[in-house]
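Numbering of residues begins at 1 and proceeds along the displayed sequence.
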Amino acid sequence: KHFINIFDDENRIRKQIKSAVTDAGDTPGDTMSPGVENLFSLLKASEQFDAHTSLVADYESGSLKYSDLKAAVADGLVSLNKRFTENRQNINQEKKQIKNQIKQSSHEIRKIAQETIKEVKDMCGLMNVRF
């Protein structure tokens, strides 16, 4: 209940946001409660900048409905979920190609590292020492 798995299904994400605590009642009147602040952070992190600006204005004017805030956050996280899931599927489809790229890069990096070690050993006078 204390984290949201961005790869969960849409209904689970919406349910978690819907049940999020917004106002614990122990917050001074001039400050935002931690729950509401967290929801605004999630809204911003999910790149819902227009909704964030609009809902912050509602909060400051005292007309914010927590249900609107939660719906906007859920929409933002579901949008991220879809993008991340698509990216994950693309990566899984191209596993062999990605693995080959990693092997090729590793081979090239090892050659560069061996040359660097050779140069350092030469500069230090340790050409006969093996590592």
[atom2] on [Y] to [atom1] on [X], rounded to 0.5 Å:
{"X": "Leu69", "Y": "Phe40", "atom1": "CG", "atom2": "CZ", "result": "5.0 Å"}
{"X": "Ile13", "Y": "Asn11", "atom1": "CD1", "atom2": "CG", "result": "9.5 Å"}
{"X": "Ile109", "Y": "Gln104", "atom1": "CD1", "atom2": "CD", "result": "10.0 Å"}
{"X": "Ile98", "Y": "Asn92", "atom1": "CD1", "atom2": "CG", "result": "8.5 Å"}
{"X": "Leu77", "Y": "Gln48", "atom1": "CG", "atom2": "CD", "result": "8.5 Å"}
{"X": "Arg83", "Y": "Asn87", "atom1": "CZ", "atom2": "CG", "result": "8.0 Å"}

Exercise. Are Ile17 and Leu42 close enough, and set up right, to give a side-chain contact (heavy atoms from CB on, under 4.5 Å), and what steps lead you there?
Worked result: CA-CA 10 Å; Ile17 296 300; Leu42 288 171; 4.3 Å; yes
Seminar exercise, completed: Nearest heavy-atom contact between Glu37 and Met32 is CA-SD, 3.5 Å
For this session: For residues Leu39 and Thr22, report the shortest heavy-atom separation together with the two atoms involved.
Result: CD1-CG2, 3.6 Å
Exercise. Any chance the side chains of Gln89 and Gln93 put a donor and an acceptor closer than 3.5 Å?
Worked result: no
For this session: Look at Glu115 together with Arg110 and state whether they make a salt bridge at an N to O cut-off of under 4.0 Å.
Result: no
Exercise. Where do Gln114 and Lys118 land on the side-chain contact (heavy atoms from CB on, under 4.5 Å) test, with the steps shown first?
Worked result: CA-CA 6 Å; Gln114 287 172 347; Lys118 184 178 177 184; over 6 Å; no
Exercise. His107 versus Lys103: any side-chain heavy-atom pair under 4.5 Å?
Worked result: no
For this session: Only pairs at least two apart or in different chains count here, so list each side-chain hydrogen bond (donor to acceptor under 3.5 Å, both in side chains) that has a residue in residues 60-80.
Result: Arg14-Asp75, Ser61-Ser63
For this session: Mind telling me whether Phe84 and Phe7 have parallel, tilted or perpendicular rings, with 30° and 60° as the class edges?
Result: tilted
Under the 3.5 angstrom rule, does the side chain of [X] hit a backbone N or O of [Y] as a donor-acceptor pair?
{"X": "Ser46", "Y": "Leu43", "value": "yes"}
{"X": "Thr85", "Y": "Asn81", "value": "yes"}
{"X": "Gln16", "Y": "Phe3", "value": "yes"}

Exercise. With Glu94, which residues qualify under salt bridge (Lys or Arg N to Asp or Glu O under 4.0 Å), at least two apart?
Worked result: none
Exercise. Under the salt bridge (Lys or Arg N to Asp or Glu O under 4.0 Å) test, which residues partner Asp8, sequence neighbours left out?
Worked result: Arg12
